[in-house]
Amino acid sequence: MNNSNEHKAIFIRRCPLWFVVLLFFLLGAKADQPADRIIGRWQFPSKGSSVDIYRQGGLYFARVAEVDQAGEQNFGLMKDSLLIRDLRFDGEVWAGGRLIHPKTGISLSAEVEMSRPQVINVTIYKGIKLLHRKFIMTRQEKH
């Protein structure tokens, strides 16, 4: 076999491998879509402050995007500060996250459940989930 034919034979044998790799990445990207529904800007109940939820690797984080005076005074929110870290999607909820209360520095467990595409329920608790605080956040529409 001459050199040109050898290269063609190697290319043809490797093509199926590239196809399998491409298919794997396409299916993997599709599998992330349900978990990525949480990505976006979400407003606190008072509608004055908001967070941006984003994905980094396989984990989800919430960074303060906008702060009103009440959010700053009552909760110690500061623009661009990381509020929630390390949420993992388990197929139903984003759980296992940590919220560091900006004003007190207390570390709390955080869980997020999407009740509708425009509404998430955020549950925070310390220790046992029985003693928790829940609040509803709404998706902020893009302008």
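No hydrogens, no waters, no symmetry mates; every other heavy atom, side chains included, goes into these values.
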Rounded to the nearest 0.5 Å, what separates atom [atom1] in [X] from atom [atom2] in [Y]?
X: Q118; Y: T138; atom1: CD; atom2: OG1; answer: 8.5 Å
X: I53; Y: R63; atom1: CD1; atom2: CZ; answer: 12.5 Å
X: K79; Y: E72; atom1: NZ; atom2: CD; answer: 12.5 Å
X: R139; Y: R37; atom1: CZ; atom2: CZ; answer: 9.5 Å
X: S49; Y: M137; atom1: OG; atom2: CE; answer: 9.0 Å
X: R85; Y: Q56; atom1: CZ; atom2: CD; answer: 10.5 Å

Indicate, with yes or no, if [Y] and [X] share a hydrophobic cluster defined by side-chain heavy-atom contacts under 4.5 Å among Ile, Leu, Val, Met, Phe, Trp and Tyr.
X: M114; Y: L87; result: yes
X: I136; Y: I84; result: no
X: L108; Y: I100; result: no
X: L59; Y: F89; result: no
X: F135; Y: I106; result: yes

Please check if any side-chain donor atom of [X] sits under 3.5 Å from a side-chain acceptor atom of [Y], or the reverse.
X: S107; Y: K126; value: no
X: T123; Y: R133; value: no
X: E66; Y: S50; value: yes

Nearest heavy-atom neighbours spanning L77 and V67: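 Here L77 and V67 meet closest at O-CG1, 3.7 Å.
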When you measure from the side chain of D36 to the backbone of I39, do you find a donor-acceptor pair of N or O atoms at a distance under 3.5 Å?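 Answer holds: no.
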Would you call R41 and D52 a salt bridge, taking side-chain N to carboxylate O under 4.0 Å as the test?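 Here R41 pairs with D52 in a salt bridge, since their nearest N and O are under 4.0 Å apart.
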Are H101 and F75 side-chain neighbours, meaning at least one heavy-atom pair lies under 4.5 Å?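 Result yes, sub-4.5 Å side-chain heavy-atom pair found.
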Ring pair (Phe, Tyr, Trp, His ring centres under 6.0 Å), paired with Y54, selected from F61, Y60, W42: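 Output: one option passes, namely F61.
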